[in-house]
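In this chain, residues are counted from 1 in sequence order. Each ligand, and each atom within it, is numbered from 1 in the order the structure gives.
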Amino acid sequence: MERKYKVVIVGAGHAGCEASLACARMGLKTLVITLNVDSIAKMPCNPAVGGIAKGQMVREIDAMGGEMGQTTDYAGLQFKILNSSRGPAVWSPRAQCDKELYSVLMSKSLQNQQNLEILQSEVTSLIVKNGKVYGVKILTGETIEADAVVLTTGTFLKGTIYLGKMHFDGGRFNERSASYLSKSLAEDCGLVLGRFKTTTTPRINSRSIDYSKMTEQSGDEKPMPFSHFTKVEEWRKKLKQLSCWLTYTNTKTHKIVGDNLELSSINIGEVNSKSPRYCPAIEEKIERYPEKTSHHIFVEPEGYNTNEIYLNGLYTGLPFDLQKQMINSIAGLENAKVIRYGYAIEYDYSNPLQIKKSLETKTVENLFLGGQINGTTGYEEAASQGFVAGVNAGLKVSGKAPLILGRNESYIGILIDDITTKGMDEPYRMFTSRAEYRLSIRNDNADLRLMDIGHSIGLISDKAYKKFEFYRKVLTNIYEGNAENLPSDEELSPWSLEKAQEEVYIRKKYEGYIEIQDKMANKMKKNKDRRIPEDFDYNKLESLSAETKQRLFEVCPQTIGQASEIRAIKPSDIAILTVYLEKQKKEKK
Ligand SMILES: Cc1cc2nc3c(=O)[nH]c(=O)nc-3n(C[C@H](O)[C@H](O)[C@H](O)COP(=O)(O)OP(=O)(O)OC[C@H]3O[C@@H](n4cnc5c(N)ncnc54)[C@H](O)[C@@H]3O)c2cc1C
């Protein structure tokens, strides 16, 4: 068998799937190599897609011709628009998914994709000559040649699993880690690797839960799909939504956790790397906020054909016996039976300051990195980077200029800009507050922002693009007040008149604010040299979070520009600081 490809993708997680499909759909002979074909697009943590800022990213991937949105629409078991009581700029779609179905559907998309082959194996090293990658070596000893390679290895590089004091090798529970590739990344590619960690929650049996003690959380009455191409009415008719439930930890839970912190893998020093600050283990929450007597626990189904329930909010590295005690202390879970224990995992990642905005490494030409390997956390962050890395590998081998998304046009652009310019010292996840242009980059207008790009790179078909152009024309007509002879919904499908009218309403509502936002963003750019007094007391800025203040006190930036370069300082923090300094200057005058 000839083993020569245009692009080889290593890994078939959320990043790898998007990368593989993008390359193959660009007409390039592509191979995806993964450790276990049975766990393609597996969701080892909560089987939920979207949420605050993440939902926007899924819509962006979809608008450019990616897969995550469509797969979620058909694997979702509950759909909700988060933040719906606030303005449309922060409305964020979220879906709880059937984890098996998601994996099966994505796997099928890969298997059915023209130009794409799948191989179950372990990539052990990269073939690098004169600063350029020429392929990979796999466990069987075979060499596979490729013009470009995309690495999307997730939590697998030298993965170590921790359950209390127990620890063993693994990329996820019951899946082995990739133990060879890190060496090649360091020695052949000159990449500096670090260690991060993350935790997941225990899963329990639905039949052992007393739901009468919990509050029901239903899906939206008029659910909205993620994909621009899903026909809404037909889809709604087929969708059977399941409920989630809400309960709380209490002082008893906190005592069990608090009394045993030293037994958790989070604190015993065996896992000494950083975990995601915004997805903390229950141990970390109890340590960080001792004044709090309860935390939310969302009780969420993992599928239509399983009784397994995910306890969202109960991420833990505690030993198994304490996990049981902790769960049984919670209202409605007194008799809950654990099916799988929660655990922590520690893995190698590559510092993203070593990659360009195209996601190509600076040290090795034609080698691209996407997903958790770049130090991010989350399925959506992974899929976004996988998509961009795949597209750029495809563009590079086709001799074309890379796709670089701007901060003002997408959350994906913000993510890539942040990680490649600021780096990170803890796993990175996306928030709306990271966006200085969040009024313009909404979930409702992802198509208007990005579908031209999707078409130009060949991932949105001519047929679909024609439909989109028609919708955009109708939208302009409505916006300009030419609302006569509007087409029927059938003619506009998969878009609709309702969608067009809503879009015009949102656009008009925000016009004035967007002007102010753009002025503010420009002002922030101009303000980079503004000095911050040496003894400035950040505690005066009440709207800054405790973490932000702590960072600012630690670094003591001398200018606004320096402050904005500090990791974890968001554009919204800089805006607050700038406004305060300006006010102070005026008062002094
Ligand atoms: C225990 C745990 C807890 C988590 N908790 C959270 C959380 O709280 N919040 C959150 O947002 N996200 C969480 N996640 C992270 C989430 O799973 C990832 O962000 C996401 O899956 C990353 O996608 P990815 O495509 O980068 O990598 P993954 O989904 O990890 O996929 C990696 C793929 O690469 C393959 N692979 C790796 N090395 C090789 C090799 N050498 N050769 C061939 N194939 C290889 C693997 O087989 C796999 O298919 C958690 C993950 C785990 C395991």
Side-chain angles (χ1 to χ4, degrees), residues 8-20 31-49 51 54 68 99 103 106-107 110 118-126 136-139 144 149-163 170-185 196-201 265 275-281 310 312-317 340-349 369-387 389 427-430:
V8 163
I9 316 289
V10 183
H14 305 279
C17 289
E18 293 294 347
S20 315
L31 173 71
V32 55
I33 307 173
T34 190
L35 289 168
N36 183 356
V37 169
D38 292 331
S39 60
I40 287 176
K42 193 164 170 180
M43 296 172 148
C45 203
N46 193 3
V49 170
K54 290 165 170 259
M68 186 173 235
K99 63 178 175 182
S103 177
M106 188 61 91
S107 188
L110 261 59
I118 305 171
L119 178 69
Q120 176 169 295
S121 189
E122 177 174 348
V123 169
T124 50
S125 62
L126 293 159
V136 299
K137 275 201 174 143
I138 59 175
L139 205 56
I144 298 176
V149 174
V150 182
L151 296 182
T152 64
T153 50
T155 51
F156 284 73
L157 293 185
K158 290 210 193 138
T160 309
I161 287 174
Y162 292 83
L163 184 61
R172 288 187 286 236
F173 217 94
N174 269 345
E175 287 186 70
R176 68 191 172 86
S177 61
S179 41
Y180 303 100
L181 192 55
S182 295
K183 188 167 179 269
S184 175
L185 290 181
F196 273 160
K197 70 170 183 242
T198 184
T199 50
T200 189
T201 74
S265 45
S275 60
R277 178 191 298 256
Y278 305 102
C279 240
Y310 183 89
N312 191 355
L314 219 57
Y315 304 89
T316 185
R340 300 179 205 227
Y341 291 109
Y343 64 94
I345 186 162
E346 190 184 41
Y347 52 92
D348 283 353
Y349 76 99
L369 309 186
Q372 194 123 350
I373 188 173
N374 286 334
T376 61
T377 175
Y379 309 131
E380 305 78 1
E381 288 83 348
S384 301
Q385 291 168 70
F387 179 84
Y428 178 102
R429 73 168 280 192
M430 185 45 79

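In this comparison of Ser39, Ala15, Gly159, the heavy atom closest to atom 25 (O) of ligand 1 sits on Ala15. Nearest to atom 36 (N) of ligand 1 by heavy-atom distance, out of Val123, Val37, Leu35, is Leu35. Evaluated by nearest non-hydrogen atom to atom 17 (O) of ligand 1, the leading choice among Ala383, Pro44, Pro280, Gly386 is Pro44. In this comparison of Met430, Glu381, Gln372, Glu380, the heavy atom closest to atom 18 (C) of ligand 1 sits on Gln372. Proximity annotation for atom 11 (O) of ligand 1: of Ala281, Gly378, Ala41, Gly378 comes nearest, heavy atoms only.
Looking at Thr152 next to ligand 1, an N or O pair under 3.5 Å apart turns up. Here's the thing with Thr199: one of its N/O atoms is less than 3.5 angstrom from an N/O atom of ligand 1. Geometrically, ligand 1 and Thr377 share a nitrogen or oxygen pair separated by less than 3.5 Å. For a threshold of 3.5 Å applied to N or O pairs, the pair formed by Ala12 and ligand 1 contains at least one separation below that value.
Between Ile373 and Tyr349 the shortest side-chain heavy-atom distance does not fall below 4.5 Å. Under the 4.5 Å side-chain criterion, counting only non-hydrogen atoms from C-beta, Leu185 is in contact with Leu157. The side-chain heavy atoms of Lys54 and Arg429, taken from C-beta on, include a pair separated by under 4.5 Å. Counting heavy atoms from C-beta outward, Phe196 and Tyr347 have side chains that approach closer than 4.5 Å. Within the 4.5 Å cutoff, the side chain of Tyr428 has heavy atoms near those of the Met430 side chain. Contact of the Met43 side chain with the His14 side chain is registered, since non-hydrogen atoms from C-beta on lie closer than 4.5 Å. Between Tyr180 and Glu122 the shortest side-chain heavy-atom distance falls below 4.5 Å. Side-chain contact between Leu126 and Val10 is absent, with no heavy-atom pair separated by less than 4.5 Å.
No part of Thr376 comes within 4.0 Å of ligand 1, judged by heavy-atom distances. Counting heavy atoms closer than 4.0 Å to ligand 1, residue Tyr315 contributes side-chain atoms (C-beta onward) but none from N, CA, C or O. Counting heavy atoms closer than 4.0 Å to ligand 1, residue His14 contributes atoms from both its backbone and its side chain.
The shortest heavy-atom distance from Tyr343 to ligand 1 is under 4.0 Å.
Under a 4.0 Å criterion applied to the non-hydrogen atoms of Ala382, ligand 1 contributes the atoms 22 (C), 23 (O), 24 (P), 26 (O). Residue Thr200 has at least one heavy-atom neighbour below 4.0 Å for each of these atoms of ligand 1: 1 (C), 3 (C). When each atom of ligand 1 is checked for a heavy atom of Ile33 under 4.0 Å away, the hits are 43 (C), 44 (N). Less than 4.0 angstrom separates some heavy atom of Ser121 from each of these atoms of ligand 1: 42 (N), 43 (C). Below 4.0 Å from some heavy atom of Gly13 lie the following atoms of ligand 1, by number and element: 25 (O), 29 (O), 31 (O), 33 (C), 49 (O). Taking every non-hydrogen atom of Gly371 and a distance limit under 4.0 Å, the qualifying atoms of ligand 1 come out as 26 (O). Atoms of ligand 1 found under 4.0 Å from any heavy atom of Lys54, numbered from 1 in the order shown, are 11 (O). Short contacts between ligand 1 and Thr155, defined as distances under 4.0 Å to a heavy atom of the residue, involve ligand atoms 30 (O), 53 (C).
Exactly one of Val37, Leu31, Thr34 qualifies for a side chain to side chain contact (heavy atoms under 4.5 Å, CB included) with Leu119. That residue is Leu31.
In summary, the side chains of Glu346 and Tyr162 do present a donor paired with an acceptor at a separation below 3.5 Å, with no hydrogens or angles considered.
The side chain to side chain donor-acceptor pair (under 3.5 Å) test applied to Ser125 returns no partner, not counting sequence neighbours. By the salt bridge (charged side-chain N to carboxylate O under 4.0 Å, His left out) test, Glu175 is found to be paired with Lys42, Arg172, residues two or more places apart in sequence or in another chain being considered.
Taking both residues in full, the closest heavy atoms of Thr199 and Cys45 are given as O-SG, 4.2 Å, listed atom of the first, atom of the second, then distance.
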